[in-house]
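Side chains included, hydrogens not; waters and symmetry mates left out as well; all remaining heavy atoms used. The first residue of the sequence shown is numbered 1, and numbering continues consecutively from there. All ligand and atom numbering here is 1-based and tracks the order in the structure.
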Amino acid sequence: MGFPTANLEVSSLILPPNGVYSAVAKVKEEIYRVALNVGWRPTVASASPQLRVEAHLLGFSGQLYGRELELELGTRIRDEMRFASPAELRVQIERDVAAVRAAE
Ligand SMILES: Cc1cc2nc3c(=O)[nH]c(=O)nc-3n(C[C@H](O)[C@H](O)[C@H](O)COP(=O)(O)O)c2cc1C
């Protein structure tokens, strides 16, 4: 969808309520702003939906697979929602990213 995400392994963690958040991530010694989604991804059809925590790191390019990620949760942006199409979700994620940029 144009927003690559790190799919976090969170099975032993306490999670915030489902929704979209701004956050800050530390990868090695670098800091990135993050648009974070916690939820079931109701827009994505799946026979067995699973709770996911997905982090889109603004300005990051590269691989995060297997890396440890330190995340500091910021403000809550909105509830997770079901969109009629991936295109509509994409427009909303663009707004979420703008909200993350605006949240200092
Ligand atoms: C900032 C952000 C907000 C999201 N909001 C929603 C949402 O409201 N509803 C939803 O169904 N999925 C949401 N998603 C999850 C996307 O559906 C998911 O990242 C996308 O389908 C790509 O999935 P894939 O990595 O398995 O291809 C969000 C993801 C991000 C990064």
Between the side chain of E80 and the main-chain N/O of W40, is any donor-acceptor distance below 3.5 Å? yes
Between R33 (side chain only) and S22 (backbone N and O only), is there a donor and an acceptor less than 3.5 Å apart?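 It does not hold such a pair.
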Pairs in or reaching into residues 82-93: which pass salt bridge (charged side-chain N to carboxylate O under 4.0 Å, His left out), with residues at least two apart or in two chains?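 Every pair satisfying salt bridge (charged side-chain N to carboxylate O under 4.0 Å, His left out) with a residue in residues 82-93: R90-E94.
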Contact residues of ligand 1, where a non-hydrogen atom lies under 4.0 Å away: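 Those residues closer than 4.0 Å to ligand 1 by some heavy atom are M1, T5, V20, A35, N37, R41, P42, T43, V44, R52, E54, R78, E80, M81, F83, L89, I93, D96.
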Where at least one partner belongs to residues 42-61, residue pairs that pass ring pair (Phe, Tyr, Trp, His ring centres under 6.0 Å), sequence neighbours excluded: F3-H56, Y32-F60
What I want to check is whether the side chains of Q50 and S48 have a donor and an acceptor closer together than 3.5 Å.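 Side chains of Q50 and S48: no pair found under 3.5 Å.
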Sorted by first residue and then second, give each side-chain hydrogen bond (donor to acceptor under 3.5 Å, both in side chains) pair with at least one member in residues 59-70; sequence neighbours left out. none
